[in-house]
Amino acid sequence: MRLTQEKPDLSAYLAADEVVDHHHPLVREVAAGLAKQSADTYAYARAAFEYVRDAIPHSQDVGRDEVPWRASDVLRERTGICTAKSHALAALLRAEDIPTGFCYQRLRDDNTSGYSLHGLVAVRLDGAWHRQDPRGNIPDGVDAQFRIGEERLAWPVDPECNEVDYPVLYAEPSPVAVRALKEARDRLHLWQTYPSEL
(Lines give C-alpha, C1' and ligand atoms only; values in the text may rest on other atoms or scores of the structure.)
Protein backbone atom coordinates (compact mmCIF):
# COMPACT_ATOMS: atom_id res chain seq x y z
CA MET A 1 0.00 0.00 0.00
CA ARG A 2 1.25 3.46 -0.88
CA LEU A 3 1.30 5.73 2.17
CA THR A 4 0.64 9.46 1.77
CA GLN A 5 1.80 12.15 4.17
CA GLU A 6 -1.00 14.38 5.38
CA LYS A 7 1.50 17.25 5.76
CA PRO A 8 4.48 17.77 3.44
CA ASP A 9 6.82 19.14 6.11
CA LEU A 10 8.51 16.36 8.11
CA SER A 11 8.77 18.65 11.15
CA ALA A 12 5.04 18.08 11.69
CA TYR A 13 5.87 14.43 12.37
CA LEU A 14 8.28 15.41 15.15
CA ALA A 15 5.95 17.77 17.03
CA ALA A 16 4.84 17.45 20.63
CA ASP A 17 1.27 18.17 21.69
CA GLU A 18 -1.19 17.32 24.46
CA VAL A 19 -1.34 13.65 23.38
CA VAL A 20 2.21 13.07 22.13
CA ASP A 21 3.89 14.78 25.07
CA HIS A 22 7.44 13.74 24.29
CA HIS A 23 8.90 16.54 26.42
CA HIS A 24 7.38 14.95 29.54
CA PRO A 25 10.07 13.76 32.02
CA LEU A 26 8.81 10.17 32.01
CA VAL A 27 8.88 9.96 28.22
CA ARG A 28 12.41 11.43 28.25
CA GLU A 29 13.52 8.98 30.95
CA VAL A 30 12.26 5.91 29.06
CA ALA A 31 13.69 7.24 25.78
CA ALA A 32 17.09 7.87 27.37
CA GLY A 33 17.20 4.37 28.79
CA LEU A 34 16.37 2.80 25.43
CA ALA A 35 18.82 5.07 23.59
CA LYS A 36 21.64 4.09 25.95
CA GLN A 37 21.21 0.45 24.87
CA SER A 38 20.89 1.20 21.14
CA ALA A 39 23.79 1.43 18.71
CA ASP A 40 21.98 3.54 16.08
CA THR A 41 18.65 5.04 15.03
CA TYR A 42 17.32 1.76 13.63
CA ALA A 43 18.20 -0.11 16.84
CA TYR A 44 16.54 2.60 18.92
CA ALA A 45 13.36 2.53 16.83
CA ARG A 46 13.18 -1.24 17.17
CA ALA A 47 13.84 -1.09 20.92
CA ALA A 48 11.11 1.54 21.39
CA PHE A 49 8.66 -0.55 19.37
CA GLU A 50 9.43 -3.71 21.34
CA TYR A 51 9.18 -1.83 24.64
CA VAL A 52 5.70 -0.52 23.87
CA ARG A 53 4.58 -3.81 22.30
CA ASP A 54 5.86 -6.05 25.12
CA ALA A 55 6.24 -4.04 28.35
CA ILE A 56 2.92 -2.20 28.03
CA PRO A 57 0.18 -4.81 27.65
CA HIS A 58 -3.02 -4.08 25.76
CA SER A 59 -5.65 -3.43 28.42
CA GLN A 60 -8.08 -5.93 26.86
CA ASP A 61 -5.48 -8.71 27.08
CA VAL A 62 -4.85 -8.23 30.80
CA GLY A 63 -8.29 -7.08 31.95
CA ARG A 64 -7.29 -3.54 32.91
CA ASP A 65 -10.03 -0.91 33.05
CA GLU A 66 -7.91 2.26 32.91
CA VAL A 67 -8.17 4.29 29.70
CA PRO A 68 -4.98 6.34 29.35
CA TRP A 69 -4.74 8.47 26.22
CA ARG A 70 -1.70 10.72 26.70
CA ALA A 71 1.66 9.12 25.88
CA SER A 72 3.15 9.80 29.32
CA ASP A 73 0.06 8.33 31.00
CA VAL A 74 0.33 5.15 28.93
CA LEU A 75 3.96 4.79 30.03
CA ARG A 76 3.05 5.49 33.67
CA GLU A 77 0.00 3.18 33.80
CA ARG A 78 1.79 0.57 31.66
CA THR A 79 -1.37 -0.29 29.77
CA GLY A 80 -3.60 1.02 26.98
CA ILE A 81 -5.52 0.04 23.90
CA CYS A 82 -3.88 0.00 20.46
CA THR A 83 -4.47 3.70 19.80
CA ALA A 84 -3.07 4.79 23.16
CA LYS A 85 -0.05 2.52 22.70
CA SER A 86 0.57 4.17 19.32
CA HIS A 87 0.62 7.54 21.12
CA ALA A 88 3.31 6.22 23.49
CA LEU A 89 5.42 4.77 20.68
CA ALA A 90 5.18 7.98 18.66
CA ALA A 91 6.31 10.00 21.68
CA LEU A 92 9.32 7.74 22.27
CA LEU A 93 10.33 7.89 18.60
CA ARG A 94 9.82 11.65 18.29
CA ALA A 95 11.78 12.15 21.51
CA GLU A 96 14.80 10.89 19.57
CA ASP A 97 14.02 12.94 16.44
CA ILE A 98 12.57 10.06 14.42
CA PRO A 99 9.62 11.28 12.30
CA THR A 100 6.53 9.29 13.22
CA GLY A 101 3.02 9.39 11.78
CA PHE A 102 -0.28 7.90 12.86
CA CYS A 103 -2.02 5.27 10.72
CA TYR A 104 -5.35 3.55 11.06
CA GLN A 105 -7.25 0.49 9.97
CA ARG A 106 -10.97 -0.27 10.12
CA LEU A 107 -11.19 -3.86 11.36
CA ARG A 108 -13.97 -6.25 12.27
CA ASP A 109 -14.57 -6.24 16.01
CA ASP A 110 -15.60 -9.60 17.43
CA ASN A 111 -16.67 -7.92 20.70
CA THR A 112 -19.31 -5.77 19.03
CA SER A 113 -20.10 -7.70 15.83
CA GLY A 114 -19.25 -4.47 14.04
CA TYR A 115 -16.06 -2.60 13.25
CA SER A 116 -13.45 -0.78 15.26
CA LEU A 117 -10.72 1.72 14.48
CA HIS A 118 -7.25 0.21 14.98
CA GLY A 119 -4.30 2.54 15.59
CA LEU A 120 -0.69 2.05 14.50
CA VAL A 121 2.25 4.24 13.58
CA ALA A 122 4.57 4.71 10.65
CA VAL A 123 8.21 5.47 11.26
CA ARG A 124 10.43 7.22 8.72
CA LEU A 125 13.73 5.40 8.32
CA ASP A 126 16.06 5.12 5.33
CA GLY A 127 14.07 7.78 3.46
CA ALA A 128 10.76 5.90 3.54
CA TRP A 129 7.76 5.30 5.79
CA HIS A 130 7.27 1.91 7.44
CA ARG A 131 4.12 1.00 9.38
CA GLN A 132 4.56 -0.65 12.78
CA ASP A 133 1.88 -2.12 15.05
CA PRO A 134 2.67 -1.94 18.79
CA ARG A 135 -0.69 -3.43 19.82
CA GLY A 136 0.88 -6.38 21.63
CA ASN A 137 1.17 -9.98 20.57
CA ILE A 138 -1.15 -12.74 21.77
CA PRO A 139 -0.85 -16.51 21.38
CA ASP A 140 -3.79 -16.95 18.98
CA GLY A 141 -2.04 -15.56 15.94
CA VAL A 142 -1.16 -11.92 16.62
CA ASP A 143 2.56 -11.66 15.96
CA ALA A 144 3.46 -8.07 15.03
CA GLN A 145 7.17 -7.46 14.46
CA PHE A 146 9.32 -4.42 13.77
CA ARG A 147 10.01 -4.51 10.03
CA ILE A 148 11.53 -2.19 7.47
CA GLY A 149 10.22 -3.24 4.10
CA GLU A 150 7.74 -6.07 4.38
CA GLU A 151 5.16 -5.29 7.06
CA ARG A 152 4.35 -7.58 9.96
CA LEU A 153 1.25 -5.99 11.51
CA ALA A 154 -1.12 -7.51 14.05
CA TRP A 155 -3.83 -7.97 11.43
CA PRO A 156 -3.85 -7.63 7.65
CA VAL A 157 -7.13 -6.16 6.42
CA ASP A 158 -9.72 -8.26 4.60
CA PRO A 159 -11.38 -6.04 1.95
CA GLU A 160 -14.05 -8.71 1.36
CA CYS A 161 -15.24 -8.05 4.91
CA ASN A 162 -15.23 -4.28 4.35
CA GLU A 163 -12.06 -3.81 6.37
CA VAL A 164 -9.98 -0.79 5.38
CA ASP A 165 -6.33 0.25 5.43
CA TYR A 166 -6.33 4.05 5.54
CA PRO A 167 -3.36 5.22 3.41
CA VAL A 168 -2.88 8.66 5.01
CA LEU A 169 -0.05 9.28 7.48
CA TYR A 170 -1.41 11.74 10.01
CA ALA A 171 0.88 14.08 11.94
CA GLU A 172 -1.53 14.11 14.89
CA PRO A 173 -3.68 11.35 16.40
CA SER A 174 -7.25 10.93 15.21
CA PRO A 175 -9.46 13.51 16.99
CA VAL A 176 -12.42 11.09 17.14
CA ALA A 177 -10.29 8.37 18.75
CA VAL A 178 -8.70 10.78 21.22
CA ARG A 179 -12.11 12.18 22.19
CA ALA A 180 -13.45 8.67 22.87
CA LEU A 181 -10.41 7.84 25.01
CA LYS A 182 -10.66 11.09 26.98
CA GLU A 183 -14.38 10.73 27.66
CA ALA A 184 -14.38 7.03 28.58
CA ARG A 185 -15.07 6.26 32.24
CA ASP A 186 -13.47 2.84 31.87
CA ARG A 187 -12.66 0.27 29.19
CA LEU A 188 -16.23 -1.09 29.03
CA HIS A 189 -17.56 2.40 28.43
CA LEU A 190 -14.83 2.96 25.83
CA TRP A 191 -15.91 -0.10 23.83
CA GLN A 192 -19.42 1.36 23.69
CA THR A 193 -18.26 4.72 22.36
CA TYR A 194 -15.06 3.96 20.42
CA PRO A 195 -15.28 4.91 16.71
CA SER A 196 -15.53 2.35 13.95
CA GLU A 197 -13.88 4.59 11.35
CA LEU A 198 -12.07 7.90 10.90
Side-chain angles (χ1 to χ4, degrees), residues 12-38 44-105 109 111 116-123 131-138 142 144 146 154 169-196 198:
Y13 296 87
L14 292 168
D17 60 24
E18 181 187 26
V19 179
V20 186
D21 56 342
H22 64 73
H23 297 306
H24 189 280
L26 179 56
V27 177
R28 288 297 190 187
E29 178 185 331
V30 174
L34 294 169
K36 194 178 297 185
Q37 303 167 23
S38 303
Y44 175 83
R46 181 177 181 153
F49 167 83
E50 291 176 351
Y51 179 83
V52 174
R53 182 194 65 188
D54 300 339
I56 302 173
H58 190 289
S59 55
Q60 175 85 18
D61 297 346
V62 293
R64 300 272 300 270
D65 288 329
E66 303 96 317
V67 185
W69 53 271
R70 185 181 289 117
S72 59
D73 293 339
V74 173
L75 295 176
R76 187 184 68 250
E77 297 291 335
R78 296 181 70 86
T79 194
I81 69 163
C82 60
T83 308
K85 290 181 66 165
S86 73
H87 301 164
L89 179 54
L92 290 173
L93 293 168
R94 290 181 181 188
E96 290 295 312
D97 295 322
I98 300 172
T100 306
F102 295 95
C103 312
Y104 298 92
Q105 296 173 314
D109 186 343
N111 296 321
S116 185
L117 193 64
H118 179 61
L120 8 132
V121 303
V123 58
R131 290 193 305 173
Q132 311 296 330
D133 192 341
R135 182 242 179 255
N137 293 338
I138 50 178
V142 175
F146 185 83
L169 297 171
Y170 295 96
E172 299 170 358
S174 161
V176 295
V178 171
R179 183 168 50 253
L181 290 166
K182 282 178 155 182
E183 294 175 356
R185 295 184 301 270
D186 55 30
R187 186 169 44 87
L188 180 60
H189 181 239
L190 176 65
W191 290 157
Q192 296 167 352
T193 59
Y194 194 70
S196 61
L198 288 177

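Reckoned from all heavy atoms, side chains included, excluding hydrogens, waters and symmetry mates.
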_Given 3.5 Å as the limit, does a donor-acceptor pair link the side chain of Arg53 with the main chain of Asn137, or not?_
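Not a single qualifying donor-acceptor pair exists.
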*Pairing residues for His118 by the ring-ring contact (aromatic ring centres under 6.0 Å, His included) criterion, not counting sequence neighbours*: Trp155
_Could you work out, with ring-ring contact (aromatic ring centres under 6.0 Å, His included) as the rule, every residue matching Tyr194, not counting sequence neighbours?_
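Partners of Tyr194 under the ring-ring contact (aromatic ring centres under 6.0 Å, His included) test: none.
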At their closest point, which heavy atom of [X] faces which heavy atom of [Y], and how far apart are they?
X	Y	answer
Pro173	Val178	CB-CG2, 3.7 Å
Ala177	Leu117	CB-CD2, 4.2 Å
Val27	Ala95	CG1-CB, 4.4 Å
Ala48	Leu34	CA-CD1, 3.8 Å
His23	Ala16	CD2-CB, 3.6 Å
Ala84	Pro68	CB-O, 3.3 Å

_Between Ser59 and Ile81, is the side-chain contact (heavy atoms from CB on, under 4.5 Å) condition met? List the steps._
CA-CA 6 Å; Ser59 55; Ile81 69 163; 3.4 Å; yes
*asked:* To the nearest 0.5 Å, what is the distance between OG1 on Thr79 and CG on Asp73?
replied: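 Nearest 0.5 Å value for the OG1-CG distance: 12.0 Å.
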*Atom pair CZ/CG of Arg70 and Asp17 - distance to nearest 0.5 Å*: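 Result: 10.0 Å between the selected atoms.
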_Tell me which pairs pass ring pair (Phe, Tyr, Trp, His ring centres under 6.0 Å) where either residue lies in residues 52-105, with sequence neighbours left out._
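Listed by first then second residue: His87-Phe102.
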Under the side-chain hydrogen bond (donor to acceptor under 3.5 Å, both in side chains) test, which residues partner [X], sequence neighbours left out?
X	answer
Gln105	Asp165
Glu50	Arg46
Ser72	Asp21
Asp61	Arg135

_Determine whether Leu75 and Tyr51 satisfy the following criterion, side-chain contact (heavy atoms from CB on, under 4.5 Å), listing intermediate values before the conclusion._
CA-CA 10 Å; Leu75 295 176; Tyr51 179 83; 4.0 Å; yes
*Scan residues 182-194 for pairs that pass salt bridge (Lys or Arg N to Asp or Glu O under 4.0 Å), counting only residues two or more places apart or in two chains.*
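Found Glu18-Lys182, Asp65-Arg187.
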*Could you walk me through whether Glu77 and Arg64 pass the side-chain contact (heavy atoms from CB on, under 4.5 Å) check?*
CA-CA 10 Å; Glu77 297 291 335; Arg64 300 272 300 270; 4.0 Å; yes
With [X] via side chain to side chain contact (heavy atoms under 4.5 Å, CB included) - residues at least two apart:
X	value
Pro57	Val62
Ser196	Tyr115
Ala184	Val67, His189, Leu190
Ala32	none

Flag side-chain contact, heavy atom, 4.5 Å: [X] against [Y]:
X	Y	answer
Phe49	Leu93	no
Leu89	Thr100	no
Val52	Val74	no

*Please walk me through it: do Cys103 and Leu169 pass side-chain contact (heavy atoms from CB on, under 4.5 Å)?*
CA-CA 6 Å; Cys103 312; Leu169 297 171; 3.3 Å; yes
